[in-house]
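Positions are given from 1, in the same order as the sequence printed here.
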Amino acid sequence: TSYSMGVLMFVQTMVLLQYGHLFMSDEFDAAFRHSMGDSSAGTEMDKYLETTIFLQISNSSAILIFSARTVSFFFSTLPAWQLSFSTALGQVLINIWCLVAPTGLVDKLLPMDVLKVWIYDICWLLCLDLVKIFSSGLWEKYKPATIDRNPALQAKDRNSRRMANNLRPSYMLAQAGGGELGNRVSDLPEGSRNSLRLSRTFKKP
């Protein structure tokens, strides 16, 4: 999955570089022709085109976090607020920098081009999700049987079962508390104790 998504992100950038002039602004088109023309062979890429590609890579890499954290579509579950905040903060600063260009390190982009880059990246993120879901399904279907016999994975499964076993009635009784209440519970018949253990453990405060 990671290999396929990495290749697709490379293709994503190359498609914008090669065909972005078909839907981006006239400034982008002029920068593209200046950079890709025969007379520009061996020269550096136009700064406007370079800044647009930088913004596209930055945005797509940041929002890929939301796809990588789930096995389904990136919008199917809500991420932790800390993740959303850190991602949003970084991209807000980068996008403002590309809109203002206070130091000359990057070129000043048109707001419409910034918006189109965002739409482009989000559309590609949906494509990446589709490839992720499809490749993950293929992996689960055709992966070698020895993968599931991996000692590390088996240890993880044992730990999960051990935690699940902690939900047995004896554990629940221990969590219910001791003292006089514990003494009274211990005097009850076995069937009543099991019922009390469960009801007390799941009783809402």
Side-chain angles (χ1 to χ4, degrees), residues 1-38 40-80 82-101 103-143:
T1 303
S2 58
Y3 288 112
S4 58
M5 295 184 75
V7 171
L8 275 180
M9 291 190 72
F10 169 77
V11 173
Q12 175 183 355
T13 300
M14 291 298 101
V15 169
L16 178 64
L17 182 61
Q18 187 66 33
Y19 300 104
H21 64 282
L22 299 177
F23 57 88
M24 299 290 282
S25 67
D26 292 339
E27 283 77 2
F28 183 95
D29 181 61
F32 170 79
R33 297 184 184 281
H34 178 263
S35 300
M36 302 302 176
D38 294 336
S40 301
T43 62
E44 292 186 0
M45 183 185 297
D46 185 271
K47 182 173 282 190
Y48 193 95
L49 182 62
E50 188 178 63
T51 304
T52 306
I53 298 301
F54 160 74
L55 181 64
Q56 183 274 314
I57 295 175
S58 176
N59 288 346
S60 61
S61 300
I63 62 179
L64 183 65
I65 297 173
F66 298 112
S67 175
R69 54 174 291 278
T70 178
V71 297
S72 184
F73 290 100
F74 70 93
F75 53 79
S76 60
T77 59
L78 293 176
Q82 296 91 336
L83 176 63
S84 300
F85 176 76
S86 60
T87 302
L89 178 61
Q91 292 315 112
V92 165
L93 293 176
I94 290 174
N95 279 258
I96 290 177
W97 196 270
C98 291
L99 285 169
V100 178
T103 63
L105 183 63
V106 296
D107 205 0
K108 185 177 180 180
L109 298 183
L110 294 175
M112 185 56 64
D113 277 341
V114 173
L115 177 60
K116 289 179 179 179
V117 167
W118 270 107
I119 295 174
Y120 180 81
D121 282 337
I122 292 175
C123 290
W124 267 94
L125 185 60
L126 291 172
C127 296
L128 289 167
D129 272 346
L130 289 173
V131 172
K132 174 190 67 179
I133 294 170
F134 178 74
S135 58
S136 296
L138 284 180
W139 169 252
E140 289 298 325
K141 185 176 181 179
Y142 296 108
K143 68 180 178 181

**Request:** Evaluate side chain to side chain contact (heavy atoms under 4.5 Å, CB included) for D107 paired with E50, printing each intermediate quantity in order.
**Result:** CA-CA 8 Å; D107 205 0; E50 188 178 63; over 6 Å; no

**Request:** May I have the step-by-step check of side chain to side chain contact (heavy atoms under 4.5 Å, CB included) for W118 and L55, ending in yes or no?
**Result:** CA-CA 9 Å; W118 270 107; L55 181 64; 5.5 Å; no

**Request:** Evaluate the ring planes of W124 and Y120, with Trp represented by its six-membered ring, and classify them as parallel (under 30°), tilted (30 to 60°) or perpendicular (over 60°).
**Result:** tilted

**Asked** Where is the tightest heavy-atom contact between Y48 and E27, given as atom of each residue plus distance?
**Response** CZ-CB, 3.9 Å

**Request:** State, yes or no, whether a side-chain contact exists between I94 and F54 at a heavy-atom distance under 4.5 Å.
**Result:** yes

**Prompt:** What closest approach, in Å, do F66 and S84 show between heavy atoms, and which atom pair accounts for it?
**Reply:** CE2-OG, 4.0 Å

Show every donor-acceptor pair shorter than 3.5 Å between a side-chain atom in residues 11-19 and any protein atom, with sequence neighbours excluded, or say none if there are none.
| residue | atom | partner | partner atom | Å |
| --- | --- | --- | --- | --- |
| Q12 | NE2 | D121 | OD1 | 2.7 |
| T13 | OG1 | M9 | O | 3.4 |
| T13 | OG1 | Q56 | OE1 | 2.8 |

**Item:** CH2 on W97 to OG on S58, rounded to 0.5 Å
**Value:** 13.5 Å

**Message:** Using 0.5 Å steps for rounding, measure from the CG atom of L49 to the NZ atom of K47.
**Reply:** 13.0 Å

**Complete:** Here the pair of heavy atoms bringing K116 nearest to F23 is NZ-O, 2.8 Å

**Prompt:** If we only count heavy atoms from C-beta on, is the F32 to D46 side-chain gap below 4.5 Å?
**Reply:** no

**Request:** Test L109 against every option in V100, L115, T52 by the side-chain contact (heavy atoms from CB on, under 4.5 Å) rule and name the one that passes.
**Result:** T52

**Asked** Can you check side chain to side chain contact (heavy atoms under 4.5 Å, CB included) on N95 and V117, steps first, answer last?
**Response** CA-CA 11 Å; N95 279 258; V117 167; over 6 Å; no

**Prompt:** If you measure from CG on L8 to CG on L125, what distance do you get to the nearest 0.5 Å?
**Reply:** 11.5 Å

**Item:** Spatial distance of atom CD (E44) from atom OG (S35) [nearest 0.5 Å]
**Value:** 10.0 Å

**Message:** If I take atom OG from residue S86 and atom CD1 from residue I65, how far apart are they, to the nearest 0.5 angstrom?
**Reply:** 6.5 Å

**Prompt:** What are the two closest non-hydrogen atoms of T87 and A62, and how far apart are they?
**Reply:** CG2-O, 3.8 Å

**Request:** Give a yes or no on whether a salt bridge exists between K132 and D129, defined as a side-chain N under 4.0 angstrom from a carboxylate O.
**Result:** yes

**Item:** Validation row: L126, C123 side chains within 4.5 angstrom (heavy atoms)
**Value:** no

**Prompt:** Got a second to check how far F75's CZ is from I122's CD1, nearest 0.5 Å?
**Reply:** 11.5 Å

